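Notes for the one structure printed next.
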Amino acid sequence: TIDLTKDKFYSPYDLFRTGVNNQVNFSLSGANDKIDYFFSLGNNSEEGVLPNTDYDRTNFRLKGTYNVSDKFSITSSVAYTKSGGKRGNGGDKSVFSALSYFSGTFPINDYQNADGSERDYSFGVIDNPRYVLEKSPLIDNVNRWIGSATFNWKPKDWINVMYAAQIDNYSDNRNRFVGADLDRGSKTGGYIVEQNINFVGLESNLLVTLNKDWTDDFSTTLTLGNQISDSKRDASTIRGERLNVPGINDLANTINTFAFKDVNQLRNIGVFGEFQAAYKNKLFLTVTGRNDWVSTLPKENRSFFYPSVSLAYDIKDLIDKDGSFLSLGKLRASWAEVGKGPLFGQVGHYFVADGDFPFDGAGGYRSSTNLGDTDMIPEKNKSYELGADFRFLQNRIGLNYSYYTTRIDNQIFTVGAAYSSGLSGIVRNAGDFETQGHELSLSADIFKRENFKWTSILNWSNNKGKVLSLPDDVESLI
């Protein structure tokens, strides 16, 4: 006979606690006819709803503008943020994975023996979620600087020249400790992962804007610009396995170490222009053009141009000039083309570190199973759209309709390859694809008063896609 009279149910929700968020902010600003400035300092401290989880962020920002003259001004700013904390791990054998299997027969917060080891009721099958939180959190520490400067010059009332530059730099240091007594670390004798991520991004933008009202009915705007972006991300990871001494979170406390490094650098340069014309505030024409040079494409194919044209006309006065029934009646048509290149490292063939090394004290590399076509050209997205927008009865009823067709030429795909070739996929231009569809939206203000409004909206859409062509050596794409 087994006495169960003193048995009770222990809720797994006992793991959670009330989160606490504390915020402290201070700001100072001032201005005169020549200078304006703004300074802010703040801290955000959080205790998570899970034990041993927290987040802390401290940031400051300084921004100022100096009016050199009535036509020229300089604005600069600098911002710094320090953030980080401890959080529960995710994925398989994580805190919530263990929580989903944990039995309510045992108190979840009774997680540790007197000698500091895990109090385990499952003989190593399921980790105690509280023990995982206390002994194996993910720790990160981020430091980020952002600095910018903007120069604005207005030589004439209808001419404006603006140049802006920004630098974004951050370091992200991450640490993960997994003891040998945890399920996830049992097969490797425990392990430690330390990752250092450094990022530097540069951004440069030049805009020249020309606004001209030629008559009371006709005006134009011309915008010319240049954009340069350059970014580099350097990630280094060291993984150490087989802990010498349990509980010590130091890579020097591991026997086997593995190092990984990943560097991505992107550089994009673009020149662009936009022309806008308006006639009687009813007829609107917009023409744009842009040429980009993208570093991820082969050198001879890095340059590509894409334009767009749009036209809109307000026909309200032709139908209901006094607006008693029709509040708005606009017809629109547009054609646009957009180009894009592949992701970093998707052109060419490279050697990569082999996961089976080091072996017997020797390192090794292998040929990557992915290959990128060195003759790849930009992917082009061409779209057409026709539409109408009507509003009735002082904007209480609205009707919006559009028909569109989008065609993607030279779409960039990863195409499967025969394993006998030593490859698993080839990144290449692999076909043309077209979609077309209709979109209809009907809205109505059912009830409208000063303090209450009830609006109903009905949407309907239809979309069809079709593969127009594939390369001769490609039967299908999945």
Side-chain angles (χ1 to χ4, degrees), residues 209 211 214 217-225 270 272-292 304-340 377-413 429 431-445 455-470:
T209 304
N211 289 298
W214 302 94
D217 295 331
F218 183 65
S219 63
T220 60
T221 300
L222 176 64
T223 302
L224 303 173
F272 56 89
E274 179 185 72
F275 173 77
Q276 295 178 323
Y279 179 66
K280 290 189 174 182
N281 204 31
K282 296 184 180 299
L283 183 63
F284 306 91
L285 172 68
T286 302
V287 180
T288 71
R290 180 177 177 118
N291 198 96
D292 280 345
F304 53 93
F305 176 78
Y306 46 98
S308 74
V309 180
S310 65
L311 183 67
Y313 182 47
D314 188 351
I315 62 172
K316 182 184 78 68
D317 289 347
L318 300 178
I319 301 174
D320 186 7
K321 194 167 185 178
D322 60 4
S324 58
F325 175 70
L326 183 64
S327 307
L328 173 69
K330 182 179 287 187
L331 302 178
R332 63 183 186 274
S334 66
W335 171 83
E337 184 174 307
V338 178
K340 61 177 288 189
I377 61 177
E379 176 183 306
K380 290 292 185 71
N381 185 321
K382 301 176 182 179
S383 62
Y384 308 83
E385 182 175 337
L386 299 173
D389 189 3
F390 293 96
R391 308 287 172 84
F392 305 94
L393 304 176
Q394 303 300 315
N395 295 318
R396 295 197 64 155
I397 299 176
L399 178 66
N400 193 311
Y401 168 77
S402 62
Y403 167 78
Y404 61 88
T405 298
T406 301
R407 173 167 176 157
I408 303 177
D409 294 330
N410 300 308
Q411 197 163 13
I412 298 174
F413 274 112
N429 300 107
D432 302 332
F433 182 75
E434 183 180 76
T435 61
Q436 56 181 317
H438 305 264
E439 293 181 351
L440 180 66
S441 175
L442 176 64
S443 63
D445 292 336
T455 301
S456 293
I457 301 174
L458 177 65
N459 293 311
W460 174 84
S461 63
N462 171 267
N463 181 276
K464 295 181 179 180
K466 182 180 180 181
V467 177
L468 301 179
S469 65
L470 292 172

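On a predicted model such as this, the values are computed, not experimentally measured, just so you know.
Proximity of I457 to L442: side-chain heavy atoms (C-beta onward) are nowhere separated by under 4.5 Å. Side-chain contact between F275 and T221 is absent, with no heavy-atom pair separated by less than 4.5 Å. Looking at V309 and S334, their side chains never come closer than 4.5 Å, going by heavy atoms from C-beta outward. The shortest distance between side-chain heavy atoms of L440 and L399 falls below 4.5 Å. You'll find the side chain of E439 reaches within 4.5 Å of the side chain of Y404, heavy atoms only. Between L311 and L283 there is a side-chain heavy-atom pair separated by less than 4.5 Å. F272 is not listed as a side-chain neighbour of T288, based on a closest heavy-atom distance of 4.5 Å or more.
A salt bridge links E385 with R332: the closest approach of a Lys/Arg side-chain nitrogen to an acidic carboxylate oxygen falls below 4.0 angstrom.
Between the side chain of R391 and the backbone N or O of G398 there is no donor-acceptor pair closer than 3.5 Å. Of the possible polar contacts, none joining the S456 side chain to the A444 backbone as a donor-acceptor pair under 3.5 Å is found.
Atom OH in Y384 sits 6.5 Å away from atom CH2 in W335 (nearest 0.5 Å). The OH atom of Y279 sits 12.5 Å away from the CZ atom of F284 when rounded to the nearest 0.5 Å. Separating the CG atom in D292 from the NZ atom in K340 is a distance of 13.0 Å, to the nearest 0.5 Å. For the atom pair S469 OG and E434 CD, the distance stands at 11.0 Å (nearest 0.5 Å). Once rounded to the nearest 0.5 Å, the distance linking CG of N381 with OG1 of T435 reads 8.0 Å.
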Trace of the side chain to side chain donor-acceptor pair (under 3.5 Å) decision for W214 with T220: CA-CA 8 Å; W214 302 94; T220 60; 2.8 Å; yes

L318/Y313 under side chain to side chain contact (heavy atoms under 4.5 Å, CB included): CA gap, chis, key distance, verdict: CA-CA 11 Å; L318 300 178; Y313 182 47; 3.7 Å; yes

Derivation of the side chain to side chain contact (heavy atoms under 4.5 Å, CB included) call for K466 and K464: CA-CA 7 Å; K466 182 180 180 181; K464 295 181 179 180; over 6 Å; no

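Here salt bridge (charged side-chain N to carboxylate O under 4.0 Å, His left out) pairs that include residues 400-413, with residues two or more places apart or in two chains, are K382-D409, R407-D409, R407-D432. Here salt bridge (charged side-chain N to carboxylate O under 4.0 Å, His left out) pairs that include residues 308-318, with residues two or more places apart or in two chains, are K282-D317.
Put simply, the residue from N400, L326, L328 that forms a side chain to side chain contact (heavy atoms under 4.5 Å, CB included) with F390 is L326.
Counting non-hydrogen atoms of other residues, nucleotides and ligands closer than 6.0 Å to CG of N281 gives a total of 12 or fewer. Atom CZ of F305 is surrounded by more than 12 heavy atoms from other residues, nucleotides or ligands within 6.0 Å.
Checked against salt bridge (charged side-chain N to carboxylate O under 4.0 Å, His left out), E337 has the following partners two or more places apart in sequence or in another chain: K380. For the side chain to side chain contact (heavy atoms under 4.5 Å, CB included) test, residues two or more places apart in sequence or in another chain that qualify with I412 are P342, M376, E379, V427, N429. Evaluation of the side chain to side chain contact (heavy atoms under 4.5 Å, CB included) rule for Y403 yields Y401, T405, Q436, H438 as partners, not counting sequence neighbours. Every ring-ring contact (aromatic ring centres under 6.0 Å, His included) that F392 has, sequence neighbours left out, goes to F325.
S441 and N459 make their closest contact through OG-OD1, 3.1 Å (heavy atoms, listed as atom of the first residue, atom of the second, distance). Here the closest non-hydrogen pair linking T406 and S383 is OG1-CB, 3.7 Å. The two atoms that bring A333 and L386 nearest to each other are CB-CD2, 3.5 Å, heavy atoms only.
Judged by distance alone, the side chains of Y306 and N291 never bring a donor and an acceptor atom under 3.5 Å apart.
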